[in-house]
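Remarks on the structure that follows.
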Amino acid sequence: MKNIFLGAIAFTLLSCGAQQPKMIEDVNPMNYANSITSKELKEHLYIFASDDFEGRETGEPGQKKAAEYLKKEYKSLEIVSPIGGDDYYQEVPSSMFRGDVKNSENVLAYIPGSEKPNEILVISSHYDHVGMDDKGNVFNGADDDGSGTVAILEIAEAFAKARKDGFAPKRSILFLNVTGEEKGLIGSKYYTENPVFALSQTVANLNIDMIGRTDDAHKKK
Ligand SMILES: [Zn+2]
């Protein structure tokens with residue numbers, strides 16, 4: 001799993017811009033990619049997919065807890081909201097959903113680009129899951145999509161560290177944690193219809209879902 005993250009981050013950092021007087025040639029992407037560790041991914045995931053988050057069902061208290069967790073992490077990394085101030089939530093109204101779903105929210109955080117700030121790279125995952133059954137058994141959703149969501153936190157950390165050293169990304173990066181995926185891709189639909197940055201400025205979207213599994217080619221060590 002780590003290799004996937006390191007590869008992605010190294011690839012992306014290669015396109016980083018430089019803020020004077022630092023030059024792009026000075027960047028060793030691995031300095032920052034190495035901040036993505038299996039230990040930290042596990043620490044995040046063991047909280048994010050814990051029973052305490054009650055399976056993160058859209059509109060339910062567990063999902064709200066998960067949203068707060070994401071916001072707190074972005075704030076601690078000093079990654080700002082593109083919405084403004086302390087508001088990291090894009091409200092998704094209950095009218096978007098079929099059936100009895102309370103209001104929910106996408107969580108957004110943003111690193112402005114240094115050279116082409118009007119070009120936006122979106123890195124996204126859904127942070128909701130399917131909640132609990134009638135007996136109170138929690139569907140933890142560690143892989144779906146706790147894995148993609150904590151990966152975004154670690155990617156965000158790497159970019160935040162690079163920026164602190166003067167290597168902000170050339171293009172702006174929007175970390176987009178969407179809600180309501182399990183209800184029919186509702187959070188991503190809502191963002192697409194109500195983008196914070198014009199879709200014409202959005203140059204790419206890397207969406208991450210269920211990367212926690214191993215297969216025959218990637219045996220556990
Ligand atoms: Zn999923």
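Keep in mind that the numbers below use all heavy atoms, side chains included, and drop hydrogens, waters and symmetry copies.
Listed by chain and residue number, Pro61, Met132 satisfy the side-chain contact (heavy atoms from CB on, under 4.5 Å) test with Glu54 (two or more places apart in sequence, or in another chain). Among residues two or more places apart in sequence or in another chain, the side-chain contact (heavy atoms from CB on, under 4.5 Å) test is passed with Asn118 by Gln201. For Asn137, the side-chain contact (heavy atoms from CB on, under 4.5 Å) partners two or more places apart in sequence, or in a different chain, are Asp133, Lys135. Residues satisfying the ring-ring contact (aromatic ring centres under 6.0 Å, His included) criterion with Tyr89, sequence neighbours excluded, are absent altogether.
Among residue pairs with one or both ends in residues 124-148, none qualify as ring pair (Phe, Tyr, Trp, His ring centres under 6.0 Å); sequence neighbours excluded. Residue pairs meeting the salt bridge (charged side-chain N to carboxylate O under 4.0 Å, His left out) criterion with at least one partner in residues 29-48, sequence neighbours excluded, are Lys39-Glu43. For the ring pair (Phe, Tyr, Trp, His ring centres under 6.0 Å) condition, the pairs that include at least one residue of residues 99-118, sequence neighbours left out, are Tyr110-Phe197. Within the structure, the salt bridge (charged side-chain N to carboxylate O under 4.0 Å, His left out) test picks out the following pairs touching residues 191-212 (sequence neighbours left out): Lys189-Glu193. Here salt bridge (charged side-chain N to carboxylate O under 4.0 Å, His left out) pairs that include residues 85-99, with residues two or more places apart or in two chains, are Lys71-Asp86, Lys75-Asp86.
Residue Val101 is found in a hydrophobic cluster whose other members, listed by chain and number, are Val92, Met96, Phe97, Ile186, Tyr190; membership requires side-chain heavy atoms under 4.5 Å apart, directly or through intermediates. Applying the 4.5 Å side-chain rule to ILVMFWY residues, one finds that Tyr46 remains a lone member of its cluster. With side-chain heavy atoms closer than 4.5 Å counting as contact, directly or through intermediates, Leu185 stands alone and belongs to no larger hydrophobic cluster.
Across every non-hydrogen atom of Ile83 and Gln90, the tightest pair is CD1-N, 3.8 Å.
Hydrophobic clustering (ILVMFWY, side-chain heavy atoms < 4.5 Å, transitive): Val178 and Tyr88 are in distinct clusters.
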